[in-house]
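One structure below.
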Amino acid sequence: SNNASAKQQSSSSSLPPRPPNPYDAIKKAIVINDNSRQNLIRLIGLKSLFAKQLPKMPKDYIARLVFDRRHKSLALLSSDPNKKDCGDDEI
């Protein structure tokens, strides 16, 4: 009985290694309007992204929502070094 339980324990602890998850490499950022240069650049990029994806929505309404100090946005960031700090690093 003890031998069987020891055998079950050792088999359950030797699970195969987890394969790499490609989503683990995605960079994420919570972006708020705190007047920091980096967040303002990202907010401008998000405003442009929303305006492009929602062409019928008024641009001033998008800007009002995105730049609201109570608003928080989740941005997925590109790993392309050419897009760093230019507002195009949001995916």
Side-chain angles (χ1 to χ4, degrees):
S1 166
N2 283 343
N3 192 16
S5 67
K7 195 173 192 179
Q8 281 180 342
Q9 246 181 358
S10 69
S11 67
S12 66
S13 64
S14 61
L15 294 173
R18 194 183 108 195
N21 185 344
Y23 297 113
D24 289 341
I26 295 175
K27 294 188 299 179
K28 303 167 254 328
I30 300 292
V31 187
I32 58 172
N33 186 357
D34 61 357
N35 273 340
S36 72
R37 181 179 187 276
Q38 183 179 41
N39 278 350
L40 288 174
I41 290 170
R42 287 181 176 165
L43 287 171
I44 291 168
L46 286 168
K47 179 183 68 81
S48 300
L49 180 96
F50 292 140
K52 190 174 198 173
Q53 294 300 316
L54 302 166
K56 293 183 179 179
M57 186 173 286
K59 310 278 187 281
D60 59 332
Y61 179 71
I62 293 171
R64 191 169 60 229
L65 289 177
V66 170
F67 288 102
D68 185 341
R69 291 192 176 274
R70 296 168 294 179
H71 184 83
K72 294 178 183 172
S73 298
L74 174 64
L76 303 180
L77 305 173
S78 171
S79 58
D80 185 349
N82 296 327
K83 295 183 179 184
K84 182 133 175 76
D85 286 338
C86 70
D88 287 339
D89 59 342
E90 287 86 10
I91 295 176

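Starting from 1, each residue takes its place in the sequence as its number.
With rounding to the nearest 0.5 Å, the separation of CG in Asn39 from CD1 in Ile44 is 11.0 Å. A distance of 11.5 Å separates OG in Ser48 from CD in Gln53, rounded to the nearest 0.5 Å.
Remark: Asp24 engages Arg18 in a side chain to side chain donor-acceptor pair (under 3.5 Å) (not counting sequence neighbours). Take Lys72 and apply the side chain to side chain contact (heavy atoms under 4.5 Å, CB included) test, not counting sequence neighbours, and it matches Ile30, Ile32. Taking Asp68 as the reference, Arg70 meet the side chain to side chain donor-acceptor pair (under 3.5 Å) condition, with sequence neighbours excluded. With sequence neighbours excluded, the residues forming a side chain to side chain contact (heavy atoms under 4.5 Å, CB included) with Leu40 are Asn33, Asn35, Leu43, Phe67, listed by chain and number. With sequence neighbours left out, Leu54 forms a side chain to side chain contact (heavy atoms under 4.5 Å, CB included) with Met57. Shown here are the side chain to side chain contact (heavy atoms under 4.5 Å, CB included) partners of Pro58, two or more places apart in sequence or in another chain: Asp60, Tyr61.
For residues 45-58, no pair satisfies salt bridge (charged side-chain N to carboxylate O under 4.0 Å, His left out), with sequence neighbours left out.
Of all heavy-atom pairs spanning Ala51 and Ile62, the tightest one is CA-CD1, 3.6 Å.
The backbone N or O of Ile26 sits less than 3.5 Å from a side-chain atom of Lys28, completing a donor-acceptor pair.
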(request) Would you check, one step at a time, whether the test side-chain contact (heavy atoms from CB on, under 4.5 Å) holds for Leu77 with Arg42? (result) CA-CA 9 Å; Leu77 305 173; Arg42 287 181 176 165; 3.3 Å; yes
